[in-house]
Amino acid sequence: MKLYPTIGLEIHAELLTESKVFCTCSAQFGGEPNSRCCPVCSGLPGTLPVLNRKAVEYIIKAGYIMNCEISRFTKWDRKNYFYPDLPKAYQISQMPRPVCLGGHVDIVSEGEEKTIRINRIHLEEDAGKLVHDDTERVSLADYNRCGIPLIEIVTEPDFHSAADVVAFFEKIRLMLQYAGVCDGKLEQGSMRCDVNISLAEKGSDKLGTRTEVKNLNSTRAIQRAIEYEIYRQTELIENGERVIQETLHFNDATGETSSLRSKEDAHDYRYFPDPDIPPIVFTEEELEAIRADIPEMPQARRERYINEYKISPADAAVLTDTKQISDFFEDTIKVYNNPKPIATFIVVELMRRINLGELDMDNMPFTAADFARLIELAETGKISKDNRKVILREMADSGKSPDTVADEQDLWIKEDNELLEKTVNDVLAANPKAVEQYRSGETKVFGFLMGQCNKILRGAASPAAVKEMLEAKLKGI
Amino acid sequence: MNLKEQTLDTLRGLLDTKKISAPELCGEYIKRIKEINPEVLGYITVTEDEAMKSAEQAQKLIDSGEAKPLTGIPLAIKDNICTDGIKTTCASKMLEDFVPPYDACVIEKLKAEGYVILGKTSMDEFAMGGSTQTSTFAKTKNPYDLTRVPGGSSGGSAAVVSAGIAPAALGSDTGGSIRQPSSFCGVTGIKPTYGRVSRYGLIAFASSLDQIGPIANSARDCGTLLNVIAGKDSRDATSSTKPAEDFNAKIGQSIEGMKIALPKEFYSDSTDDEVKTSVLAAAKKYEEMGAQLVDCSISSLKYAVAAYYLVSSAEAASNLSRFDGIKYGLRGEGRTFDEMIRDSRTRGFGDEVKRRILLGNYALSSGYYDAYYLKALALKQQIIKEYDEVFQKADIILTPTAPTVAYKIGEQETDPVKMYLADICTVTVNIASLPAISTTCGYSANNMPIGMSLIGRKFDEATLIQAADAFEAGFEKRPNNI
């Protein structure tokens, strides 16, 4: 018996609006506990929610990039349940008339192209956070997150492996970032994923009993939770036991899932239309204006880089896989329009420093204009290519402009033949053995001699000039 | 100074001509409140200090010639309207010590006028009821007969106006809560069109039906107050963008040719004969003034109470969920969240509130939603349609405000269904979002006031005030003996 997993997702993504979805409080992450809330989002009696139209605009963008149908008429409902992090004891959400219905996203998973269908995307408000203090035996509520706009993306059960899910999650995360809809910062909880998973015999038209793993907030957790659930459910079924329909929590430390509540304990949320928020009717013009405002998506950018800039597909992929990198590249070529060497230097050197933790894209010490200037200096022979790295490091440390660094460290290429000739002569004089070897046919020592010259010159002459002078001296004299 | 039956116009005149100062006027009311309120129990909180302070400020405005229509005018506010720094209890143990950190929109508007707050008036707990006897703190009595109820839920606001311990008051109306107590206490009250007045700061009972409105000694005074409190508020998405208007502008215009509809279902056997006779006599008066009476029918009236109790209880069940003892209000005990929330709500809410929460949650439960809540919404559409049809052929509708006059305390409160059925004359107006005004049209044999209601087209409060004023002009009121 070969068991085949079927997986569906519910992904919550926080929208990048400046203010919350039903009040004017800041929607920024963090802040002192309860410093970003007001009578409305902390549910004081008599207060009323007023819908932030920006949040509606953002969910429509999310809908368009996932090829959804946008409802011309949409309304809000109350989802009622008691929990201390939910101050009104109901969450404003959408039940029968979500903003977006029926879309699809194409992914590549393990080399195979697949289409994932989207069931719906709706807009709702986030809840607060509870902080449990076990020593004092109290729980404290922080309402800063209350009312941050969330979209919930519900997929059809079109996934059959952890790899499928991760490919999809990463793809929409990137698309949402590009659209400016969600920052995708998983460590701040900007995207959370609930996974529904069941196993059935391959080829069977009936699905098995599903479990739902709640609140996975990293791709690694998603992958591990799915793999663990496939393993756990397989064991159960193969041992003749039944899978129980239940909601599970994934423990990051143990890598295992444990029960939160069973089907019998499921809430009856008593949904009904929220009488405080009038429904919205969109006109074609409004929707068209929002659609026109959606920036270029990663796939389109990648193709543009390959076709227009002749950047290699591998480099184009690296550039577009992070929106900030891609935006930095775009800003750089606006200042110095020479995409290819810029792309290469970003992929090879800038990315390396970011990955080493020496640079942080959120907090760049230098501008794209300075970076553009650095490449320009190398491409126009003002500095050596090797010195790009030296200057970049100093720019990263001090934020100084490349010209200042080149001045201070004397890294300009000089058209100084005397200096070059003297240097070559000195090197040859100091290494008679190598000179001997070269002349007796062991030409590979040439590289060593080049290196010795460059060490002294430190970029003051171009490599071509050094090579020419060295060859002339070795052969001629 | 005699404070009974005082109109805002008279008080404005006295203040503007310096016959009395704002602090003096305020002092007169405070003095009488101290004397009368222990008998009537109209106020939960009397805000003497606040009142005197605002009266002094108001006097400065009057002295500098900057007085507005309500500058220095003392008013009473129903205790479900949030007042910054002043306890707002909803007459519930749950909010016994709740002091809002903000003013309701209507309070901001009154403050901008320089009004004087006398206190917060009693009501049925969370505005659920028609007797004010479910109030935890002040079971208000009817100034015409202290053994009778003042009506409700705005019974405190109606009683303090009737007893002359406030010249006017704000109430709220979800299914008749301004009109029915106005009728029982012999005063005038208007429920504005839904959306006319911002609900921001009104502690919600049923959000799709709630509306704040004035209770006063005349239709004109209601208009004067409505002029101040109406208007779009960015904090209430359901508030209307209709531009401001003078609701008293049509007062004095002839009502000749006005078409007044009398829907037959409102004059059925379930309405007391005394009430029917009195309202029909008022209809006759209108006819004499040149109005044209039109027969009509609102046949879905028989389903209206059921539809109303389903919708209002469903919304209430959700609206009142926030009272969980975590953030404010009564905090219960327990070892877990669930236990603590349960204990808070068990102790904080009275029986009627609990009954509505149960009813509402039942109607919203999965498996019952279609049969109850959706059915009620369908009835709402039917009621709206029938009113639309009536307004094709009539300008206003005349009905009794309640099937009876004020009943004895303890007579009806034990039978919730009987209490609910008594709302038959008022609830359709809220369901259809219409404006309606209630004014006294007669007295029963035992000298209790009888009220009639005029229902208008959406946003046509001005015609209601015009017609009610036309009747009041020729009607001799019998003051109570308080």
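Side chains are part of it too, since the values below use all heavy atoms of this structure and drop only hydrogens, waters and symmetry mates.
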Where on [X] is there a heavy atom nearer than 4.5 Å to chain A: the side chain, the backbone, both, or neither?
X	answer
Tyr194(B)	side chain
Tyr328(B)	side chain
Ala317(B)	neither
Phe323(B)	side chain

To the nearest 0.5 Å, what is the distance between [atom1] ([X]) and [atom2] ([Y])?
X	Y	atom1	atom2	value
Thr238(B)	Ile277(A)	OG1	CD1	10.5 Å
Asn319(B)	Arg78(A)	CG	CZ	4.5 Å
Asn80(A)	Ser318(B)	CG	OG	4.0 Å
Phe82(A)	Arg342(B)	CZ	CZ	10.0 Å
Tyr143(A)	Lys327(B)	OH	NZ	5.0 Å
Ser234(B)	Leu48(A)	OG	CG	11.0 Å

Tell me, out of Asp274(A), Leu51(A), Val50(A), who's got the most heavy-atom pairs with chain B below 4.5 Å.
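Of the options given, most contacts go to Val50(A).
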Between Cys23(A), Ala89(A), Ala141(A), which residue shows the highest count of heavy-atom pairs closer than 4.5 Å to chain B?
Ala89(A)
Proximal component of [X], with respect to chain B [non-hydrogen, under 4.5 Å]:
X	answer
Asp276(A)	both
Ser42(A)	backbone
Phe272(A)	both

More than 12 heavy atoms of other residues, nucleotides or ligands under 6.0 Å from [atom1] of [X]: is that the case?
X	atom1	result
Lys458(B)	NZ	no
Lys93(B)	NZ	no
Lys375(B)	NZ	no
Tyr368(B)	OH	no
Gln188(A)	CD	yes
Tyr372(B)	OH	no
Arg210(A)	CZ	no

Apply side-chain hydrogen bond (donor to acceptor under 3.5 Å, both in side chains) to the pair Arg270(A) and Tyr369(B), showing each step before the final yes or no.
CA-CA 8 Å; Arg270(A) 289 158 287 130; Tyr369(B) 182 83; over 6 Å; no
Would you name the heavy atoms of [X] and [Y] that are closest together and state the gap between them?
X	Y	result
Ala237(B)	Pro49(A)	CB-O, 4.4 Å
Tyr102(B)	Thr47(A)	OH-CG2, 3.6 Å
Ser366(B)	Asp268(A)	N-OD2, 2.9 Å

Would you confirm whether the ring centroid of Tyr83(A) sits within less than 6.0 angstrom of the ring centroid of Phe337(B)?
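For Phe337(B) and Tyr83(A), the ring centres are under 6.0 Å apart.
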Winner by heavy-atom pair count (cut-off under 4.5 Å) against chain A, out of Thr88(B), Leu374(B), Asn361(B), Ile326(B):
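Among the listed options, the one with the most contacts to chain A is Asn361(B).
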Is there a side-chain contact between Val40(A) and Tyr200(B) (heavy atoms, below 4.5 Å)?
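Side-chain contact under 4.5 Å: yes.
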Have a look at Leu44(A) and tell me which of Cys82(B), Pro101(B), Pro100(B) forms a side-chain contact (heavy atoms from CB on, under 4.5 Å) with it.
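It is Pro101(B), the one option of Cys82(B), Pro101(B), Pro100(B) that forms the side-chain contact (heavy atoms from CB on, under 4.5 Å) with Leu44(A).
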